[in-house]
Amino acid sequence: MESLNFIEHIIEEELKSGKVKEVITRFPPEPNGYLHIGHAQSIWLNFSLGKKYKGKTNLRFDDTNPLAEESRFVEAIKRDIAWLGFEWEGSVLFASDYFPQLYEFAQTLIKKDLAYVDDSTLEEIRRMRGVPTSPGDESPFRNRSVEENLDLLERMKSGEFEEGSKVLRAKIDMSSPNMHLRDPILYRIIKSGHHRTGEAWCIYPMYDFAHGQSDYIEGITHSICTLEFEIHRPLYDWFLDHLADPSKVRPRQIEFARLNLNYTITSKRNLKRLVEEGHVDGWDDPRMPTISGMRRRGYPASALTMFAEKVGVAKRENVSDMSLLEFCVREKLNKSATRVMAVLDPIKVEISNLDDNYAEELPIENNPEAPESGSRMVPFSNQLYIERSDFMEDAPKKYFRLKPGGVVRLKGAYIIHCDEVIKNESGKIIKLKCSQIANSKSGSDTSGVKVKGTIHWVSAKHCGTAEARIYDRLFNIEYPLKDKDKDVMEFLNPDNLSIIDTIYIEPSLRFAKVGESFQFLRKGYFVLDSDSTSDKLIFNQAVSLRDGWAKKN
RNA sequence: UGGCCCAUGGUGUAACUGGCAACACGUUUGAUUUUGGUUCAAAAGAGUCCAGGUUCGAGCCCUGGUGGGCCAACCA
């Protein structure tokens, strides 16, 4: 039997008992930044629940704070969700679409004597709210008449009062141990343009007054959010108790633990800092744990949803291993990425027994995991580059690559024997003189020579060049936010990006398209970055290949 | 001196109305391999935070602790 997460258990019970007839979820981002991997999980959760139970999922922007929100974020968020492969029901929705209705809800509460306009200052309200361990004090404005409150709210709406001079509050319980029930603020005055409603409003609802009612208006059945909203649930329900039509679908808020990843952060506030303080090049910098960053890094969308699924959903605080995400990335790319050869740190190889105008095209498979992908022709000559790490002068016994007097297979080509090591004055190896073993051609090898290793190569006469950007973990400690006395930025990994300005790539790579993923044989998965130009290709390393040799050494 | 929530290998999740703690990642070992990749096979690693209780039987139920998270923006 397939195991269910706790939300699915709840849903299935409700479905069985008839408490709910269908499942309608929503993903409710605030357009004040880019989406990160934690949001990817929430998106996956909401949309897959909708799909699994044959319901639907809305995309609704929670845009109730004009000071923070911008339409460029709306666009970026839509792009990311679509890229992940999810389709929201109908058109994109906005909490701001419901401002008129929300305003009526506010009037309804006033008429029920459950809300009042408070003239107290911010500081006074804060002080009267008290602290969790002892009751707060009631506002002197708490007992205004319904008529006065209605009038005052209307005048707040029409712009008669200054920002901060008045708020609308719910009349609940100033002594509640739950701070959110101590007469929470419903509306505040903000005289600032809104990304969608422009100057139409100068009062804006608070999150608590907007979210649940928006869910209710849309007929959402399950309003899934993260744990920090757990304490808001009594308020969520209180509004519904007083405003919802009992004959209509009543949304239920369910909280789950947000996803965290080690060696990085998933807090919008800190991601914003990374961008604004210039620690990265933007929200879509490949080092960022944002969906856009991961896309640019070369992580496939399917790897992100696979990761979300494998991590699972529960209520306990958790920090997932980056290695699981990387596993998902490799898993997907292994099946889809074309294999090509690129030398990142070259050492020249001259094949002495081939003459200078020798040229040959050799067929090399595009992807052994997908035989139908066929092969391509790769030029071979007497001048090659191999990886510096594929040669060792004093090699240990288990070193399977090239060494003086040793042999190695050039992938898809010939076996070569290392005859001579050429060094410069400072002792650095600049060239290897090798000889090609007769009859050792790949696929028709009758030489009888046994090799332990196969290495990649490019023809120095035919190859192109490119820049490679190699990424490492963003932060150099596992839990960057753990030490609250220190600034997270202190823990940034100074080596989180290394740029190799010239790598040597096989000619076929000249036709790579931006966003196209490749496996650089024996190195890792790379994607062509959008910074590339027609005369300069730039590849991002999504993730290296697993390396059993490196691990042991 | 408050309230709400959580606690299962290193990590993340399972264990449906109590019934031999399972899966994945990671780690280690071996085999295969013209990628030290992939694939395949295997191993190590928790007795379920602690103490009581109920029960033939508790990771699951009850009580009390302990530890952790969240709550005092006119943010979401």
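Nothing here was measured: the structure is a model prediction, and the numbers come from that model. Just so it is clear: chains get the letters A, B, ... in the order the sequence lines come, proteins before strands, and each one is counted from 1.
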Could you check whether [X] gets within reach of a base, just the sugar-phosphate, or nothing at all, counting any heavy atom under 4.0 Å?
X: A/His456; answer: nothing
X: A/Glu326; answer: nothing
X: A/Arg409; answer: base
X: A/Lys551; answer: sugar-phosphate
X: A/Val131; answer: base
X: A/Ala314; answer: sugar-phosphate
X: A/Phe229; answer: base
X: A/Val451; answer: nothing
X: A/Gly548; answer: sugar-phosphate
X: A/Gly453; answer: nothing
X: A/Arg233; answer: nothing
X: A/Leu122; answer: base
X: A/Gly136; answer: nothing
X: A/Thr64; answer: sugar-phosphate

Between [atom2] on [N] and [atom1] on [X], what's the gap in Å once rounded to a whole number?
X: A/Lys157; N: B/rC74; atom1: NZ; atom2: P; value: 24 Å
X: A/Phe327; N: B/rC23; atom1: CZ; atom2: C1'; value: 12 Å
X: A/Phe6; N: B/rG12; atom1: CZ; atom2: P; value: 16 Å

Sub-3.5 Å pairs of nitrogen or oxygen atoms, protein against nucleotides 18-21 of chain B:
none

What's the closest nucleotide to the [X] side chain, out of [options]?
X: A/Arg129; options: B/rA73, B/rG36, B/rG2; value: B/rA73
X: A/Leu521; options: B/rC74, B/rU35, B/rU27; value: B/rU35
X: A/Asp321; options: B/rG26, B/rU35, B/rU11; value: B/rU11
X: A/His232; options: B/rA72, B/rG69, B/rA76; value: B/rA76

[atom1] spacing across the pair [N] / [M], given as an integer number of angstrom:
N: B/rC40; M: B/rU33; atom1: P; answer: 16 Å
N: B/rC25; M: B/rA76; atom1: C1'; answer: 33 Å
N: B/rA43; M: B/rC62; atom1: C1'; answer: 40 Å
N: B/rA58; M: B/rG47; atom1: C1'; answer: 13 Å
N: B/rG65; M: B/rC4; atom1: P; answer: 14 Å

Could you list by number each residue of [range] showing a heavy-atom separation from RNA chain B of less than 4.0 Å, or answer none if no residue does?
range: residues 259-267 of chain A; value: none
range: residues 333-347 of chain A; value: A/Asn334, A/Arg339
range: residues 360-380 of chain A; value: A/Pro368, A/Glu369

Tell me if the aromatic rings of [X] and [Y] count as close, with their centers under 6.0 Å from one another.
X: A/Tyr525; Y: A/Phe518; answer: no
X: A/Tyr236; Y: A/Phe229; answer: no
X: A/Tyr263; Y: A/Phe475; answer: no
X: A/Tyr204; Y: A/Phe99; answer: yes

Is a side-chain donor-acceptor pair under 3.5 Å present for [Y] with [X]?
X: A/Tyr207; Y: A/Glu30; result: no
X: A/Tyr53; Y: A/Glu8; result: no
X: A/Ser176; Y: A/Asn178; result: no

Answer yes or no: is there an ion pair linking [X] with [Y], defined by an N-O contact shorter than 4.0 Å?
X: A/Arg522; Y: A/Asp390; result: yes
X: A/Lys315; Y: A/Glu230; result: yes
X: A/Arg182; Y: A/Asp173; result: no
X: A/Arg376; Y: A/Glu506; result: yes

Row check, [Y] ring normal vs [X] NZ/CZ: under 6.0 Å, within 45°:
X: A/Lys441; Y: A/Tyr414; result: no
X: A/Arg169; Y: A/Tyr116; result: no
X: A/Lys403; Y: A/Phe391; result: no

Please classify the glycosidic conformation of B/rG47 as syn (within 90° of 0) or anti (everything else). syn
State the syn/anti category of B/rA73 according to its glycosidic angle, syn meaning within 90° of 0. syn
Heavy atoms of other groups near A/Lys482 NZ, more than 12 under 6.0 Å: no
Step through the shown structure and confirm whether more than 12 heavy atoms of other residues, nucleotides or ligands are within 6.0 Å of NZ on A/Lys52. yes
Decide, applying a 5.5 Å centre-distance limit and a 30° plane-angle limit (both strict), whether A/Phe400 stacks on B/rG36. yes
A/Tyr207 ring over B/rA76 six-membered base ring, under 5.5 Å and 30°: no
Using a cut-off of strictly less than 4.0 Å, decide whether [X] has a side-chain nitrogen or oxygen near OP1 or OP2 of [N].
X: A/Arg188; N: B/rC75; value: yes
X: A/Asn318; N: B/rU13; value: yes
X: A/His9; N: B/rA15; value: yes
X: A/Arg126; N: B/rA73; value: yes

According to the Watson-Crick and G-U wobble definition with distances under 3.5 Å, which dot-bracket string, read 5' to 3', encodes RNA chain B, using [ ] for crossing pairs and | for pairs with another strand? .((((((..((((.....[..)))).(((((.......))))).....(((((..]....))))))))))).....
Position toward the 5' end of RNA chain B (nearest nucleotide), A/Ile190 or A/Met179: A/Met179
Closest-nucleotide mapping onto RNA chain B: is A/Leu325 or A/Trp549 further toward the 5' terminus? I mean the 5' end. A/Leu325
Can you tell me how far the OG atom of A/Ser544 sits from the CZ atom of A/Phe520, to the nearest 0.5 Å? 13.5 Å
Between SG of A/Cys463 and CH2 of A/Trp457, what distance do you get to the nearest 0.5 Å? 10.5 Å
Give me each pair satisfying salt bridge (charged side-chain N to carboxylate O under 4.0 Å, His left out) with a member in residues 362-374 of chain A, each pair once, sequence neighbours excluded. A/Glu365-A/Lys411
Taking every non-hydrogen atom, the tightest pair across A/Ile220 and A/Thr25: CD1-O, 3.5 Å
Can you find an N or O donor on one side and an acceptor on the other, under 3.5 Å apart, linking the side chain of A/Arg401 with the base of B/rG36? yes
